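All values reported here derive from a predicted model rather than from experimental measurement. One-based numbering along the sequence shown. Only this structure's heavy atoms are used, side chains among them; waters, hydrogens and symmetry mates stay out. Just so you know, ligand 1 is whichever comes first in the structure, and atom 1 is the first atom listed for that ligand.
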Amino acid sequence: MKIVHVASEVFPYVKTGGLADAVGALVGALADAGHEVSVFLPGYSSAIAHPLAAAAERRLQLRIEMGDIFMSGEVRAFSPRKNLTVYFVCREEFFDRRHPYGTPERDYEDNHHRFIFFCKGVVETLRLADLRADIVHAHDWQAALLPLLLRHAEQRHGATLAMKTVFTVHNLAFQGVFPMRSFYRTNLPGELMGIDGLEFYGQLNMMKGGLLFADRVTTVSPRYAQEIQTPEFGCGLDGVVHTRAGDIVGLLNGIDSAVWNPVTDSLLPAHYSVADLAGKAACRAELLRRHGLDPSFTGPVFGMVCRITEQKGVDLVLANAEFFRTARARLILLGSGDPRLVAAVQELAASAPDRIAVTVRLDESMSHLVEAGSDFFLMPSKFEPCGLNQMYSQAYGTIPLVSRVGGLVDTVTDLTENPAEGTGLMFPPTADGLRDGLERALRLHAEPSRLAAAQARGMAKDFSWATAAQTYQRLYDEAV
Ligand code: ADP
Ligand code: GLC
């Protein structure tokens, strides 16, 4: 099949979270399965500078209609591996910036223009390059206008650009909501400004484009597919999601075992496997050392790597400050995000520097070391569409300590409820819930044989993308 993916971030070119890992690994797995795969992302300056992209082989000039004006742009294409072509949609005014979406303080004010331009650049490239896709698969709000823009362009030019469209919701909390006056930049028919179109409480909601108009809608775990049809998790769009109840499916993400595998991970100081965990102990000592903590400490090390936001339950960690300040345990947190929460976790670390370490930056290499070197991995998320770190944790022999929401439910088995099959500890997403999880973790750590058995079960699980990609292939087959 000819499959086109469109996303605002793709590993290894640009990454702020799991979207990049998920799309990067999925396109690789589909290419390995023999499909002809293209992936489009915005030509951020940092992405263009990536060594794999340095020698872009092909360039195409674009002239994009944006309301009543035309804007120029360029598409650069290259093939990093067999069956895969990467396209950057470039325009310096929009994408030559320090961050993909905004500064830590606020989103860029022209994000609607940036991502309308991006989506239109994709459609125009499909047309000019005559790509004739079987499937165009768009991810999250930044690409959500594609189903509509494609149909509109097809009517206008009398040519089929994509047989079917698929839209995947990675996170319903980010919807791309902008003043309705920016709608004219889409050049879509005016009737789409209504409630059955892109309107949402008087504003333009880009996510609705994907939810309502893609041929197939998916999200990243079965549990989240159910949750987003409820007011509690629907972020105001549960009614819209519910209109697609019959055809929304939750397909679990996988993990890219070429990148996340303790046997081969080139970002780790030592390698290990379930048969020989000596390397894990070496990673643990290095992790503690790198954070100025005593490497000979024998109690449990809790690790956490995340966007520092409400979603990730950082406030629940703060509510348990006393535990981390006094228990015989260490906490190591790597993340970046909301300045208020960042300041609060830094204050927490300063209050017990010999027990708590916080690193505020994006650091791919350190994220691997935290996964490998921790005994427990903390994910007290308020909601979690899929979550990747709990899968990385299990592969790395690190016990995930997760709240009972979304994809965490689909990928972790609770040890307390299911002692024979458990691989992690689960709790409700509240401060007391987390506290109870932490206490259970301390008890588990004091029972080495029970801990080792849970570790081994986690490490034996198959989270590979090869399996996950097959479920997408079936969906594409059915759609076409
Ligand atoms: P989300 O996409 O909601 O942020 P996921 O669990 O799906 O959550 O994926 C998060 C990804 O981003 C993981 O690969 C995680 O290791 C990575 N990540 C988050 N924060 C950082 C950071 N500060 N440095 C490096 N990697 C990070
Ligand atoms: C989103 C979600 C996360 C998911 C990731 C990849 O960012 O918050 O749960 O794992 O997308 O699908």
Near Leu362 (heavy-atom distance under 4.0 Å), the atoms of ligand 1 are 21 (C), 22 (C), 23 (N), 24 (N)
Does the N or O separation between Asn389 and ligand 1 drop below 3.5 Å for any pair? yes
Query - Residues Glu9 and His139: side-chain donor-acceptor under 3.5 angstrom - result: no
Closest to atom 3 (C) of ligand 2 among protein heavy atoms sits Glu384 OE2, 3.4 Å
Among non-hydrogen protein atoms, atom 26 (N) of ligand 1 lies closest to Ser367 CB, 3.7 Å
Applying side-chain contact (heavy atoms from CB on, under 4.5 Å) to Ser365 and not counting sequence neighbours gives Leu267, Asp363
Heavy-atom proximity to atom 2 (C) of ligand 2 ranks first, among His170, Gln390, Met379, Met391, for His170
Distance alone, cut at 3.5 Å: any donor-acceptor contact between the side chains of Thr430 and Asp432? no
Fill in: Check: Arg325/Ser351 side-chain N/O donor and acceptor closer than 3.5 Å
yes
Exercise. Compute the shortest N/O to N/O distance between Trp260 and ligand 1 and return yes if it is under 3.5 Å, no if not.
Key: no
* Whether Lys15 lies under 4.0 Å from ligand 1, heavy atom -> yes
Closest to atom 19 (C) of ligand 1 (heavy atoms only, candidates Cys306, Pro385, Gly17, Gly407) is Cys306
Requested in this report: Would you sort out whether Thr398 and Lys280 count as a side-chain hydrogen bond (donor to acceptor under 3.5 Å, both in side chains), showing the intermediate values?
Outcome: CA-CA 9 Å; Thr398 303; Lys280 185 165 172 68; 2.7 Å; yes
Note: Val220, heavy atoms under 4.0 Å from ligand 2, region reported as side chain
So the atoms of ligand 1 within less than 4.0 Å of a heavy atom of Gly335 turn out to be 23 (N)
Checklist line | Backbone N/O of Val402 and side chain of Gln390: donor-acceptor pair under 3.5 Å | finding: no
Item to complete: Answer yes if the side chains of Thr165 and Asp215 hold a donor-acceptor pair under 3.5 Å, and no otherwise.
Response: yes
The atoms of ligand 2 lying under 4.0 Å from a heavy atom of Pro385, numbered in the order shown, are 2 (C), 8 (O), 9 (O)
Discussion item. Please check whether Asp363 reaches ligand 1 - meaning an N/O of the residue sits under 3.5 Å from an N/O of the ligand, judged on distance alone.
Written reply: yes
- Item | N or O contact, Thr16 vs ligand 1, cut-off under 3.5 Å | no
(message) What I want to find out is whether Arg457 reaches Glu421 closely enough, with some N-O distance under 4.0 Å, to be called a salt bridge.
(response) no
Nearest heavy atom to atom 4 (O) of ligand 1, choosing from Gln311, Arg307, Met391, Glu371, belongs to Arg307
Logged contact type for Asp21 with ligand 2, heavy-atom cut-off 4.0 Å, is neither
- [ ] For the residue pair Tyr392 and Asp256, confirm or rule out a side-chain donor-acceptor distance under 3.5 Å.
- [x] no
- May I ask you to check if ligand 1 and Leu388 share an N or O to N or O distance below 3.5 Å? yes
Q) Below 4.0 Å from any atom of ligand 1, is there a heavy atom belonging to Cys386? A) no
Min over Ile308, Val305, Thr359, Thr309 of heavy-atom distance to atom 18 (N) of ligand 1 lands on Val305
Numbered in order shown, the ligand 2 atoms found under 4.0 Å of a heavy atom of Gln311 are 8 (O)
Atom 1 (P) of ligand 1 has as its nearest protein heavy atom Lys312 NZ, 3.4 Å
Query raised in the report: Are any of the N or O atoms of Cys386 closer than 3.5 Å to those of ligand 2?
Result: yes
Test ring-ring contact (aromatic ring centres under 6.0 Å, His included), reference Tyr13, set Phe40, Tyr44, Phe78, Phe95, output is Phe78
Given the options His137, Arg216, Lys164, Met163, Tyr476 meets side-chain contact (heavy atoms from CB on, under 4.5 Å) only with His137
From the list Leu438, Leu318, Leu333, side-chain contact (heavy atoms from CB on, under 4.5 Å) with Phe324 holds only for Leu438
Ligand 2 atoms nearer than 4.0 angstrom to some heavy atom of Gly387 are 3 (C), 4 (C), 9 (O), 10 (O)
Under 4.0 Å from one or more heavy atoms of Arg361, ligand 1 contributes atoms 22 (C), 23 (N), 24 (N)
Hey, does Met366 sit under 4.0 Å from ligand 1 if you only count heavy atoms? no
message: With respect to Gly18, determine whether any N or O atom, backbone or side chain, lies less than 3.5 Å from an N or O atom of ligand 1.
response: yes
The complete set of ring-ring contact (aromatic ring centres under 6.0 Å, His included) pairs with one or both residues in residues 222-244, sequence neighbours excluded, reads none
Going by atom types only, do Gln311 and Arg307 share a side-chain donor-acceptor pair under 3.5 Å? yes
Under 4.0 Å from one or more heavy atoms of Tyr392, ligand 1 contributes atoms 14 (O)
Would you say the side chains of Thr168 and Thr218 form a donor-acceptor pair under 3.5 Å? yes
